[in-house]
There are 2 protein chains.
Amino acid sequence: MSEGTAPSAGEAAAVADEAARERLRYLRGSIDNLDAALVHLLAERFKCTQQVGELKARHSLPPADPAREAAQIERLRRLAEDARLDPGFAEKFLNFIIDEVVRHHQAIADRTLSTQNGPADG
Amino acid sequence: MSEGTAPSAGEAAAVADEAARERLRYLRGSIDNLDAALVHLLAERFKCTQQVGELKARHSLPPADPAREAAQIERLRRLAEDARLDPGFAEKFLNFIIDEVVRHHQAIADRTLSTQNGPADG
């Protein structure tokens with residue numbers, strides 16, 4: 001805008017839009033950082049469930065544990081509420097992960113003992 | 001087992017089973033810790049996308065950004081490979097999150113400007 005004159009509506013809008021785009025870049029940077037952290041935590045979680053699957057296959061431990069799973073869901077819903085995350089979404093998220101774990105455990109069980117059912121421990 | 005005698009096969013199996021159950025408890029403790037961290041990171045991520053949704057609704061910024069989304073997927077797949085997580089799963093995970101973000105943004109857009117389409121920025 002020219003010195004000493006009030007900005008036109010168009011100029012003001014352009015400044016506001018540039019500020020919005022800058023804020024958008026800032027927020028996207030945070031989202032990317034959080035996504036990197038999420039991927040690494042998920043990798044670590046699957047390392048744990050991989051070991052659980054191998055342990056269960058080796059020791060003929062029961063494949064599924066409904067009480068454990070119910071407790072996990074209850075706990076995650078509670079944690080989500082504290083963090084102001086939709087508890088329904090937290091439960092959906094856990095089920096999404098467990099589906100993948102079950103697939104991994106199935107593969108382990110197929111490799112380890114072809115006579116045994118695939119153990120699930122999300 | 002009795003002192004000075006070799007353990008019976010049954011005793012040895014019982015000891016091995018108890019060790020396996022102890023290891024299972026240990027691994028489940030790690031899984032629970034990681035789940036708590038995941039829920040809190042997800043809560044933080046939705047705080048960011050909530051702000052993105054409000055920003056886009058206020059400034060009439062384009063709702064979707066296919067180039068941004070493609071870059072996010074590409075980056076997450078790369079990070080997953082480095083962390084030895086299935087890149088296909090990382091992509092599925094991002095899509096799962098983005099579906100939820102789109103639902104949130106739709107709600108924001110409905111509240112903010114009923115004439116505008118819901119902005120998506122996963």
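Order of the sequence lines fixes the chain letters, A, B, ..., with proteins taken first and strands second; residue numbering starts at 1 for each chain. Keep in mind that this is a model prediction, so the values were computed, not measured.
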Regarding A:Asp65 and B:Arg28, does a basic nitrogen lie under 4.0 Å from an acidic carboxylate oxygen? yes

Evaluate whether atom CZ of A:Arg25 has more than 12 neighbouring non-hydrogen atoms of other residues, nucleotides or ligands under 6.0 angstrom away. yes

Examine whether an atom of B:Leu55 lies under 4.5 Å from a heavy atom of chain A, and if so say whether it belongs to the side chain, the backbone or both; otherwise answer neither. side chain

Mind listing the closest non-hydrogen atom pair of A:Ala83 and B:Ala43 along with its distance? O-CB, 3.5 Å

Should B:Lys56 and A:Leu24 count as side-chain neighbours, where that means a heavy-atom distance under 4.5 Å? yes

Using 0.5 Å steps for rounding, measure from the CZ atom of A:Arg103 to the CZ atom of B:Phe89. 8.5 Å

Assert top hit (heavy-atom pairs under 4.5 Å, partner chain B, pool A:Thr49, A:Asp82, A:Leu85, A:Asp86) equals A:Leu85

Can you tell if the side chain of B:Gln51 reaches within under 4.5 Å of the side chain of A:Arg23, non-hydrogen atoms only? yes

Which atoms of B:Glu100 approach chain A - backbone, side chain, both or neither, heavy atom under 4.5 Å: side chain

Between A:Asp32 and B:Arg68, does at least one N-O distance fall below 4.0 Å, as a salt bridge requires? yes

If you count heavy-atom pairs within less than 4.5 Å of chain A, which of B:Leu79, B:Asn33, B:Leu41 leads? B:Leu41

Rounded distance [0.5 Å steps], CG in B:Leu34 versus CD1 in A:Ile97: 11.0 Å

With side chains defined as the heavy atoms from C-beta onward, is the minimum distance between B:Val52 and A:Ile31 less than 4.5 Å? yes

Parallel, tilted or perpendicular: which describes the rings of A:Phe96 and B:Phe93, with under 30° parallel and over 60° perpendicular? tilted

Quick one: does B:Lys47's side chain get under 4.5 Å of A:Arg84's, heavy atoms only? no

Using 0.5 Å steps for rounding, measure from the CZ atom of B:Arg45 to the CG atom of A:Leu38. 7.5 Å

